[in-house]
Amino acid sequence: MVWKEVKGMRRIEIFDTTLRDGEQSPGVALNADEKLQIAHQLSKLGVNVLEAGFPIASPGDFEGVRRIAQEVRNVSVAALARANAKDIERAWEAISGAESPRIHTFIATSPIHMLYKLQKSPDDVLEQAIQAVRLAKSKVSDIEFSAEDASRSDVDFLAKVFSGVIQAGATVLNIPDTVGYATPEEYAAFLQSIMERTVGIEKVKVSVHCHNDLGLAVANSLAAVGVGVHQLECTVNGIGERAGNAALEELVMALHTRKDQFNVETSIVTAEIARTSQLVSRLTGMMIQHNKAIVGKNAFAHESGIHQDGMLKERSTYEIMSPSVIGIDVESIVLGKHSGRHAVQQRLADLGLNLEEGRFEELFSRFKLLADRKKEVTTSDLFSLADEQKEKTDLINLDYLQVSSGTHLVPTATVGLMFQGQRLADAACGDGPVDAAFKAIDKVLGTQGELIHYSLQALDGGEDAQGEVTVSVKFGENLVAGRGVSTDIIEASVRGYLQAVNRAFSRGWIEILEKNES
Ligand SMILES: [Zn+2]
């Protein structure tokens, strides 16, 4: 497909908040290593600003932000802080090692939030916002100020707050639709009237941050581009609180595919989109719906005969974007049991899966085992194998699994786990083999997980596809996700459950009873 070449286009900055707002999705909890892995990929993807977290929220959040600030380059690293001294000090402590640090401070400005949440008068809110920006400015030059629930705020009051924070040193003003209530035309008009009333607006960048409660996050963000905003805030796969945030891949591909309409460009390396989307889905345990725009499994699939016929004659009959633009390689090399070390190594390198020294041999032997169990080892299979190698650092690992179930049998499972060099095992009965296996794990470890969500799907098409299980498990008050992949669906379930257990354990949410060595 030929794109219309437009010279001297305005550049829109992409502010990614997958690791902050996205990480606030119910059931998602990433550890510092996982955050760092996503952050490196976001830098490769070419986002301009990466919001790494909310340092005051917990020591784990702080550590994640600090490591990203120190290790990830070629991107601005932002940390979130409420408009108070404690939050701002902590945020600065976390990001001071970044190449270009940004403090992102916020306070709510809508009557409903000021009255019920903050219990503060508008004058107090204005004063607090100015003080916060002043303090942040004493530490770093790049300051983003967000007016939480801006879209339901009074225009004149908002303009007064924005004028004040610009004078105090803010460099970016964010005007979010926090509750996902706006509609595109209304939002664009609203943004325009704020910009007209704000003193000093020409000195700063204007940003939007849209939520998807009515499915309008992307539409609202694009409407904002039309009135000249400079920065779009979004998350990979659109993950986030409730219905999520504007999806990065949808925004970027809309701007890219319809340059003729928007006349702007971004710095995103579109060929990294598919890889980034898969990484975020795997690590967060948030599956991508099949018909999701751009990155869904069906986004480039053509099923009906009429479409297939058209596609064979000329791809552009039904395809407005080529899958290769987002990094999906249709004609990838097929790996199977005859593939050697070199072919596997090459494919891993092509996929950007660089394993640590010594880890490749382990992966290769797992690859051989898998290739014996299925004809073709696909890209998704390789990603899972690489994940498994990374998870070797988990504290609790599956040693063996044995299940018996059938029409007239009580489903029973025996699970052996390795924990701190010890082999622990126990057996349990359950309503089905998966339930029995989960109960056996809880018995071994002395944990009590409550299964909130369970889903099973084929990792790829085809009759010998591996099963991919995602679970959400509640340990006490904490919800955590896990994902497991295997040719055996019970084993995939157990691996998913164990991943959730490992995550809960590494966050100190559960204790493991030291007992019954067997
Ligand atoms: Zn948000």
Side-chain angles (χ1 to χ4, degrees), residues 13-30 35 38 42 47-58 61 64-65 76-83 87 91 102-110 112-114 117-118 129 132 143-153 158 161-162 170 172-184 187 190-191 194 205-224 229-251 280 284 286:
E13 297 198 347
I14 298 295
F15 176 112
D16 178 277
T17 183
T18 305
L19 295 174
R20 203 277 300 165
D21 219 343
E23 217 253 352
Q24 280 171 231
S25 305
V28 172
L30 299 166
K35 284 185 184 173
I38 291 175
L42 288 170
V47 305
N48 305 92
V49 188
L50 187 171
E51 186 162 54
F54 189 14
I56 195 99
S58 73
D61 263 43
V65 177
S76 286
V77 177
L80 188 69
R82 284 166 298 189
D87 277 39
R102 172 184 293 184
I103 291 178
H104 178 196
T105 187
F106 73 99
I107 192 163
T109 52
S110 65
I112 186 169
H113 277 231
M114 290 191 289
K117 196 177 81 172
L118 300 175
I143 317 283
E144 174 164 338
F145 173 80
S146 281
E148 191 187 5
D149 205 16
S151 57
R152 293 193 297 176
S153 303
L158 203 52
V161 173
F162 282 152
V172 182
L173 296 183
N174 185 33
I175 311 175
D177 180 28
T178 305
V179 292
Y181 183 71
T183 62
Y187 190 48
F190 177 75
L191 295 172
I194 293 167
K205 291 178 192 160
V206 177
S207 168
V208 290
H209 174 112
C210 297
H211 276 270
N212 208 30
D213 297 71
L214 294 172
L216 293 172
V218 168
N220 286 336
S221 306
L222 293 175
V229 306
H230 310 87
Q231 173 181 286
L232 301 178
E233 302 198 359
C234 47
T235 61
V236 175
N237 301 336
I239 64 171
E241 295 265 29
R242 308 183 309 276
N245 291 55
L248 180 148
E249 63 280 2
E250 294 180 22
L251 286 175
V280 169
T284 58
M286 300 251 319

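Each ligand, and each atom within it, is numbered from 1 in the order the structure gives. Model, not experiment: these values are computed from the prediction. Scope of the values below: all heavy atoms of this structure, side chains included, with no hydrogens, waters or symmetry mates. One-based numbering along the sequence shown.
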>> Distance check, rounded to the nearest 0.5 Å: His209 atom NE2 versus Glu144 atom CD?
In response: 9.5 Å
> With distance as the sole test, does His211 use its side chain to make a donor-acceptor pair with the main-chain N or O of Gly244 at under 3.5 Å?
Replying inline: yes
>> For the Zn ion (ligand 1), give me the closest N/O/S atom belonging to Asp21, just the atom name.
In response: OD2
>> To 10 degrees, how wide is the angle NE2 (His209) to the Zn ion (ligand 1) to NE2 (His211)?
In response: 100°
> Any luck finding a side-chain donor-acceptor pair between Ser110 and Asp149 under 3.5 Å?
Replying inline: yes
>> Under 2.8 Å from the Zn ion (ligand 1), is there any N, O or S atom belonging to Glu233?
In response: no
>> Tell me which one of Leu19, Thr18, Thr284, Val47 satisfies side-chain contact (heavy atoms from CB on, under 4.5 Å) with Val236.
In response: Thr18
